[in-house]
Amino acid sequence: MNQAQPKPARGGISIRNVSKVYDPEKTSVAAVLDCSIEIAPGELHVICGPSGCGKTTLLNAIAGFHSITSGEIYLDGELLCGPGKPQATPGADRVVVFQNGALFPWKTVLDNITYGPIIQGRMSKEEARDIARDKMVMAGLSGLEGCYPGELSSGMSRRVEIVRALVNDPAVLLLDEPFRGMDDLTKSIMHESLLEIYDQTQVTFFLITHDVEEAVFLGSKVSVMTTRPGRIKESIAVDIPRPRDYRVLTTEGFRGLMAEVVEVVHDEAQKAFEAGEREIA
Ligand code: ADP
Ligand code: MG
């Protein structure tokens, strides 16, 4: 098991009273309402909530993919968006790992990973390759530099996508249901793999899921969102020491925390079900 790195003094996110109304002039969908979350630098913060409660909306606001209607979001004390600046500027300090983050099938793994920083002129080819190789070792991907995405398993592809994000040296990694659609066994391998990567980086992880076991196994803190319009119903600290491995899953402490989170999520899931909420993506 790899040694955990000391956590950094960057990557703190402060979400203050954020609301987001889609299409305010016409259909007016209040997706997020007066939502506040404090995320400490280097934390693995999980947002857990039923379908359609506004999780992706929140992540997209941090990433700068769309505006917020009111409230403020700060990264390390700097305003990302708020009054006078409704939309954050997307930047390499906040990188999104997409659910089906398409890798270029015609490029090798190494070229996929280094493509962004090279094309954006932020790194020389050599520099990008050096950093990429280091991160690939960390993620258990060494030896795959010359492979093409079509030769990789879904788990390996996801790791390549995470490494591709980390090459940018972000303060925050934004992960929107990164293991959705994977079979349970692959998923459990991916959980451990993600934790190993997390333990070795100095990056804040903001991870969305509606899987309670995943939330508790991975998270330093789990914030449960209410059904739409989403706000935080409760934030639960997961005081299970790291590094964590699958054996944690059967411990009494883990089951107790899961029961606590399930209790909070279940009510909201019921309400979402009754309201017929569904996810767009
Ligand atoms: P989650 O990720 O928690 O499933 P989303 O943030 O995707 O939820 O969506 C929250 C709510 O906002 C849902 O009711 C969804 O239908 C609605 N919504 C999302 N995107 C748009 C959009 N572009 N226009 C109108 N409504 C939207
Ligand atoms: Mg979503």
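As the structure is a computational prediction, the values presented were derived from the model and not from experiment. Note that ligands are numbered from 1 as they come in the structure, with each ligand's atoms numbered from 1 the same way.
- Cation-pi geometry between K20 and Y22 is met: the NZ or CZ atom falls under 6.0 Å from the ring centre, inside 45° of the normal.
- Looking only at atom types and distance, the side chain of Y74 has a donor-acceptor partner in the side chain of E72 under 3.5 Å away.
- V262 is not listed as a side-chain neighbour of V265, based on a closest heavy-atom distance of 4.5 Å or more.
- If you number the atoms of ligand 1 from 1 as listed, the ones under 4.0 Å from a heavy atom of A31 come out as 10 (C), 11 (C), 12 (O).
- Taking a cutoff of 4.0 Å between a charged side-chain nitrogen and a carboxylate oxygen, D169 and R10 qualify as a salt bridge.
- For a threshold of 3.5 Å applied to N or O pairs, the pair formed by V29 and ligand 1 contains no separation below that value.
- Within ligand 1, counting atoms from 1 as listed, the ones closer than 4.0 Å to a heavy atom of T57 are 5 (P), 6 (O), 9 (O), 10 (C).
- Residue R228 approaches ligand 1 through these ligand atoms, each under 4.0 Å from one of its heavy atoms: 11 (C), 13 (C), 14 (O).
- Ligand 1 places these atoms under 4.0 Å from at least one heavy atom of S51: 4 (O).
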Discussion item. One pair to check against side chain to side chain donor-acceptor pair (under 3.5 Å): E214 and H191. What are the steps and the verdict?
Written reply: CA-CA 8 Å; E214 176 170 293; H191 288 161; 2.7 Å; yes
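- At a 4.0 Å heavy-atom cut-off, ligand 1 touches C53 through backbone and side chain alike.
- Using a non-hydrogen distance threshold of 4.0 Å, G49 does not register as a contact of ligand 1.
- Under 2.8 Å from the Mg ion (ligand 2) lies no N/O/S atom of T57, from backbone or side chain alike.
- In this pair, F104 and Y115 present their aromatic rings perpendicular. The plane angle is above 60°, beyond the 30 to 60° band.
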